[in-house]
Structure formats: C-alpha cells, structure tokens
Amino acid sequence: MIRVLLAEDMHMIRAALTALLRLEPDIEVAGEVTRGDEIVPAALRLRPDVAIVDIDLPVLDGITAAASLRSELPSCRILVLTALGRPGQVRRALEAGIQAFLVKDAPGERLADAVRRTAAGLRVLDPELVASALQYGESPLTPRETTVLREAARGSSAEDISARLHLSAGTVRNYLTSAITKTGARNKIDAIRIAEDAGWL
C-alpha cells in the first residue's frame, strides 16, 4: 500500500484528488494539509511514501516546503502539482531535487500512475515542461529586483514599496526600471507578466 500525504489548499480540488486516489486499491490517503508549513510536521507524524504537493500553497510555497521535506524525511518521495506549469517553477522544482512534476489538468488516470512511479523512485516529468524550463533558464533578476517586482505585482505603488522595504522611492523606481530592461519588457505591467510566466516571481 502506498501511503500518500496530500497538500492542497483548494477544498474542491483536494476532495477531487482524494476521491480519485481512493479508487485505487494500492493507494491510501494517509493525511491532508492545506498550508506549506504544515507539510513537514504532518509527514514526520504520518510517514507517507509520497507527498503530493500543490505548488501554490499559503504561508510557504510548495517547492520550498518540498525541499524542506526532502531534507527532513528523505524516504518520502515528492510529486509536485501545478495548475500553470510555469517554466521557472519547473526549474526550481528540478533544482530542489523533486522527482515528479504533474500539471493539474492532466487526465485523472495519470495521477495514480504518477504516484506509483514516484513511489518507485522514478522521475515523472512532462517533456514539454522540462524543455520550456530549460529554454527560459534562470531568472536574470537580482533578489531585490524580484522582491520589488513582486510587490508591484500585488498592486503596491513605488511609495508603498519604499516604505515596506525601507528604500527611497527613487531606488524602488530604479529597481523597477532595471527589471523592465532585464526582462525585455515594454513597461512594468509587461515585466510582471513575463516574470510570472517564467516563474521568476
């Protein structure tokens, strides 16, 4: 029996995934969590064979949580789920040593197969996602440019960002200009779109 820990914050999706997995005679859903920071404590308590981790979790993102889980409980294999399959996220997952990466809109039967393959220690990666991740490469943005662009993506003004990050408004604008240049964008909105599509934010 393959014991699974499911980390998904959207209730309907979590219920659907659980229902799909419970149809399989060799898979048991040992536990469910809704936040990234709950994954490691739950896994240490439940000792699952596979953790199915949504990439966009509250408190702690799925990839960061998965990397911690690999360190704390190496016997637990990790299958990362995403709705979008952004190339930068795929690259981060690969660099974190994650064995499996599945897009949520994959056919239902692929989930159980992916769980079995992950439990067996095999890689489960969509070739198109991997090729796209390699094409985008690493983020050209510095950590500070990334932080400023992420704040701008949330709708914060330069003045709000400067107050939050203890920078002058001029410095914030310089970081935004640099991010626009490095992403090859036309403006701030375009830079946010490019960085989000690449998974750099």
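Along the sequence shown, the residues carry numbers beginning at 1. Just the heavy atoms: all of them, side chains too, but no hydrogens, waters or symmetry mates, feed the values below. Not measured: the values here are computed from a predicted model.
Among all heavy-atom pairs drawn from Arg164 and Ser156, the shortest one is NH1-OG, 3.2 Å. Pairing each heavy atom of Leu79 with each of Ala100, the nearest pair is CD1-CB, 3.3 Å. In plain terms, the two heavy atoms of Pro140 and Lys182 that are nearest each other are O-CD, 3.3 Å. Of all heavy-atom pairs spanning Leu149 and Ala179, the tightest one is CD2-CB, 4.2 Å. Shortest non-hydrogen contact noted between Ala106 and Leu102 is CB-CD1, 4.1 Å. Here the closest heavy-atom approach between residue Arg14 and residue Val33 is recorded as CD-O, 4.2 Å.
A salt bridge links Arg173 and Glu159; the closest N-O separation between the charged side-chain nitrogens and carboxylate oxygens is under 4.0 Å. Checked for salt-bridge contact, Arg193 and Glu196 miss the test: no charged N lies under 4.0 Å from a carboxylate O. Using a 4.0 Å cut-off between a side-chain N of Lys or Arg and a carboxylate O of Asp or Glu, Arg110 and Asp113 do not qualify as a salt bridge.
Annotation: side chain of Leu21 is in contact with side chain of Leu111 (closest heavy-atom distance under 4.5 Å).
In this view, Arg123 and Leu94, Leu125 satisfy the side-chain contact (heavy atoms from CB on, under 4.5 Å) rule, not counting sequence neighbours. Qualifying salt bridge (Lys or Arg N to Asp or Glu O under 4.0 Å) partners for Asp9, counting only residues two or more places apart in sequence or in other chains: none.
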